Amino acid sequence: MTQLYEIAPWAFWRVTPPDLDPVETREWLEAFDALVEAEGPDRATFLLKRLLDRARAKRVKLPPVFNTAYKNTVALEDQPQFPGNLEVEQRLASIIRWNALAMVVRANREHAELGGHIASYASAADLFEVGFNHFFRAGDTGKGEGSPGTRSGDLVYFQPHSAPGVYARAFLEGRLSEERLAHYRREVGGAGLSSYCHPWLMPDFWQFPTGSMGLGPINAIYQARFMRYLENRGILATAGRKVWAFVGDGEMDEPESLAALSLAAREGLDNLIFVVNCNLQRLDGPVRGNGSVVQELEGLFAGAGWNVIKLMWGSDWDPLFARDNDGVILKRLHETVDGEFQTYAATDGRFNREHFFNKYPELKAIIAHMSDEDIDRLRRGGHDPVKIYAAYRAAVAHKGQPTVILAKTKKGYGMGHWGQGKMGTHQQKKLDDDALKDFRDRFALPLSDDDVVSLRLYKPAEDSPEMKYLHARRQVLGGFLPARSSRAPGLAVPQDAFARMLEGTREREQSTTMIFVQLLAQLLRDPALGKHVVPIVADEARTFGMQSLFRQIGIYSSSGQLYEPEDHDELLYYKEAQDGQILEEGITEAGALSSWIAAATSYSSHGVPMLPFYIFYSMFGFQRVGDLAWAAADSRARGFLLGATAGRTTLSGEGLQHQDGTSHLLASTIPNCRAYDPCYGYELALIVQDGMRRMLEAQEDVFYYVTVMNENYAHPAMPAGAEEGVLKGMYLLQPRDGAQVQLLGSGTILREVIAAAETLEREHGVAANVWSVTSWTELHWDGMACERARRLEGATAPSWTERSLAPTAGPIVAASDYVRAVADLARPYVPAGRVYTALGTDGFGRSDTRAALRAFFEVDRDAIVTAALAALGKAVGRAATAPPWTR
Ligand SMILES: Cc1ncc(C[n+]2csc(CCOP(=O)(O)OP(=O)(O)O)c2C)c(N)n1
């Protein structure tokens, strides 16, 4: 017995503890059967619960309860009638399989470097096809231009490397031409097909970028939750719409895949269905060679509170199970690890008979009537449309929980001994003629040898039963899918919210974070725009002084507030509400950014523009979840990311792991991210206002990253005419007649630059112009464009940096609270022949006062003065110290 408890709980299914008294066991089981028979399953559940309570009270160890037997969850007697024409559907699936394969193999025959995958879609084809023919409802993206909420379809997150099958289907549907399929993975010059699901590259087709494993699953969960948010806030009716996520079993190892499972269950997201394609293999080999990925995932999902549907065996297994009175099939299945299942997939009926079925005489007897070919044809559940339909129907009907379907499949299904179940099948993209002919025969495709060898795509005539069926099914389900739309109504940007910010704070000292929170509060109060604003935090609202918003707009909670908050008698208490507006995600930057992506792409997914502001510790932004930031870019997200407590020296006390010196460098790599590092309130207001205008009114596919600080100081009123420079990245803040040196600074370091200018004038008689740089990255993008136009088109227009600095004289000293490479972004674009010194905060952060840190990193006023004097050839030597980045 002890053995039972020494193994991992998920492996419990493999252990059969010895039965010490079989007669007694039988009596118990018979009594239980009689109870279910006579009084029904509810009564049985009640008694089981009482027994469990009693066992706990008596300290009897319980076996893990989250695993069920290795067979289909939907029993044969509960299986619905398959509503489609099975034969036609299978023919269609075979054609799509062929076209997908032919497309990939063709591309690689022509250009071996292009790559692509065959085996993954081969395993997923039936899972997709049953969805396309019976479940995936399309939104009316072609209609209702400009009116809100015109998308009524399901949202499908496709397993990325199964994209060839989705293209092949769209080819039959007449949505993608043969010419485009001929340009699979050849996108330069237009008209190509992207490798994976990329809305940036195929904006009318793909809705969700899933190419980076793990991001699809977490985004799907937050998407489903965001739909509930829209519904509960009375913004959009989403009832009946489902989010489907097709995920690889290997992909489930990504932390992001698992990160939000409990959120989905907690929120009761029965609008969410995961289909995990359990072909038991990933790229290099088996996912769990020595265990069972299905059983492991079952335990995980069930433990997290999901409804789990196992889709294990095809219909031809039903009679075998029916004949199995002793449970020997399950016994054999339970003792088989995935590594062996893979070998059974890669071998033939004869091998399976000898090694799997002949192990026990009872088992051998069950399949005695079957030929080796019959055994070979035994299907796994994920390849039988009848069983897939049953599982999907059960999932769609399930209430109160998200559902995961664990679909057992074979990787490279149908690729015979050339690929099915083979260790290296993931990367197989070239098949020789014999393999192709075998594939043709296996799926009974009406192709001549010549068609096969020349990899001809096959499309039945429009009036063929297959094509008529395909179109009829999609018509019933509302149209084609995937299809992405970017049409949504525009939203007007309120002007008055910003006016006050332009006037400055006079003597009052404030941080840009505080000013941002005031701005946000004002936007929330706007009668038209207010309800579209989505504030998002990851447990840092109090850090940023946002707690007043808790009371003002409430924290979204699908169950309202079931408790009296501890601070209920205070004015600004912690208020949760079903129509709450703030998304308080807790400590999950990945979750918060996924939430933000759902809101920032709502204009496309739902036809309802939303304006999300996700404010976070800047160090835990791009560095922590940079891949999600790229997914946002690829999704054509529109919204604001606020990197708060920004800057390596401005955060001061928090030290090494909290101080951000690089986020602007990371942001500078994302082409549709507009990144700003403002110092003053009016700069921040102008940037946010312009961002809103671009995203909400002009509907540009850009998003904003703005750093805000926690250092308090007085903010001046906007100098006349500063608007253009603020938005373009730099402007002359303090001109001095006869300036001999140009000092550039961003964020709070601008204030060190101003102090340095004073010192230079006062103590060294050097006049300095002070420039506020609001965005090194904007200077960089603009500079690159101008330089390129000059090089390739003979253009003469100077960059904004050059245009700003050309009328000035003397060396340039540039400083920021980030690594030098950030200020260096502007270096190539300063006028020719000018000395450019960049100061920054390279190295490890550490805790100290702001002044001490700025001195340490050599970005304080003294360091700027020294740099200016050195550049002017008037250096005052200092005792040499080791560079800060070596310390
Ligand atoms: C984050 C990330 N890491 C690695 C990859 C490369 N990659 C693409 S598919 C794949 C294997 C996927 O295995 P699985 O999820 O089991 O899907 P299958 O192809 O077996 O259906 C890998 C490692 C990726 N796309 N994203």
Side-chain angles (χ1 to χ4, degrees), residues 97 100-101 104 114-129 131 157-166 185 194-198 201 206 208-220 244-259 274-289 291-294 296-297 300-301 311 338-339 341-342 345-346 380-383 388 404-415 419-429 590 593-594 624-632 634:
R97 282 174 184 282
L101 173 142
V104 176
L114 290 177
H117 303 92
I118 301 168
S120 300
Y121 177 66
S123 66
D126 298 300
L127 297 172
F128 283 13
E129 278 305 296
Y157 292 72
F158 287 98
Q159 205 187 355
H161 42 291
S162 292
V166 182
R185 292 192 169 214
S194 55
S195 52
Y196 306 114
C197 323
H198 294 304
L201 297 171
W206 294 117
F208 309 110
T210 51
S212 179
M213 315 241 91
L215 304 192
I218 191 169
N219 278 330
W244 295 79
F246 287 83
V247 187
D249 49 359
E251 184 176 8
M252 284 309 302
D253 279 344
E254 288 286 1
E256 290 88 348
S257 301
L258 299 165
F274 269 30
V275 181
V276 184
N277 177 8
C278 297
N279 58 27
L280 314 186
Q281 289 177 250
R282 43 179 166 73
L283 194 153
D284 282 343
V287 180
R288 292 289 181 273
S292 165
V293 75
V294 169
E296 181 178 333
L297 290 175
L300 258 167
F301 276 93
L311 168 56
D338 283 358
F341 277 124
Q342 184 189 333
R380 294 186 179 173
H383 297 306
I388 298 171
V404 62
I405 292 168
L406 302 172
K408 189 168 163 101
T409 59
K410 290 180 180 173
K411 191 145 178 172
Y413 184 66
M415 289 167 72
Q420 181 174 290
K422 294 284 178 195
M423 207 54 96
T425 193
H426 186 89
Q427 287 177 305
Q428 188 151 4
K429 44 205 136 267
L593 197 46
S594 299
R624 180 74 185 226
V625 282
D627 203 12
L628 278 161
W630 270 98
D634 196 358

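Just so it is clear, the structure is predicted and the values come from calculations on it, not from any experiment. Note that ligands are numbered from 1 as they come in the structure, with each ligand's atoms numbered from 1 the same way.
Considering backbone and side-chain N/O of S123, none are found under 3.5 Å from N/O of ligand 1. The distance criterion of under 3.5 Å between nitrogen or oxygen atoms is met by G250 with respect to ligand 1. Between D627 and ligand 1, not a single N/O pair is under 3.5 Å apart.
Put simply, the side chain of K411 gets close to the backbone of R282: a donor and an acceptor are under 3.5 Å apart. T425 places a side-chain N or O within donor-acceptor distance of the main-chain N or O of G419, the cut-off being under 3.5 Å. Remark: the backbone N or O of L406 is not paired with any side-chain donor or acceptor of K408 at under 3.5 angstrom.
The shortest side-chain heavy-atom distance between N219 and L628 falls under the 4.5 Å cut-off. With contacts defined as side-chain heavy-atom distances shorter than 4.5 Å, the pair Q281/H426 does not qualify. Between L283 and H161, the closest side-chain pair of non-hydrogen atoms is not below 4.5 Å. A heavy-atom distance below 4.5 Å is found between the side chains of T409 and H383.
Ligand 1 does not have G214 within reach: every non-hydrogen atom of the residue lies 4.0 Å or more from it.
Protein heavy atom closest to atom 25 (N) of ligand 1, with residue, atom name and distance, is G211 O, 3.0 Å. Considering only non-hydrogen protein atoms, atom 15 (O) of ligand 1 sits nearest to E251 N, 2.8 Å. From the protein, the heavy atom lying nearest to atom 4 (C) of ligand 1 is M213 CG, 4.1 Å.
Taking every heavy atom of S212 and a limit of under 4.0 angstrom, the matching atoms of ligand 1 come to 1 (C), 26 (N). Atoms of ligand 1 lying under 4.0 Å from at least one heavy atom of Q159, given by number and element, are 17 (O), 18 (P), 21 (O). Taking a cut-off of under 4.0 Å to the non-hydrogen atoms of G248, the atoms of ligand 1 that pass are 14 (P), 15 (O), 17 (O).
With a heavy-atom cut-off of 4.0 Å, H161 touches ligand 1 through its side chain alone. At a 4.0 Å heavy-atom cut-off, ligand 1 touches H426 through the side chain alone. Using a 4.0 Å cut-off between heavy atoms, N277 contacts ligand 1 through its side chain alone, with no backbone atom that close. Only the side chain of N279 comes within contact range of ligand 1, with a heavy atom under 4.0 Å; no backbone atom does. At a heavy-atom distance under 4.0 Å, only side-chain atoms of E254, from C-beta outward, approach ligand 1.
Partner of D634 under the side-chain contact (heavy atoms from CB on, under 4.5 Å) criterion, chosen from S194, P209, C197: P209. Partner R288 forms a side-chain hydrogen bond (donor to acceptor under 3.5 Å, both in side chains) with one of D338, D249, D253 and no other, that one being D253. Screening Y121, W206, F208 against F158 for a side-chain contact (heavy atoms from CB on, under 4.5 Å) leaves a single residue, W206.
When R282, H117, K411 are checked for heavy-atom proximity to atom 18 (P) of ligand 1, K411 turns out nearest.
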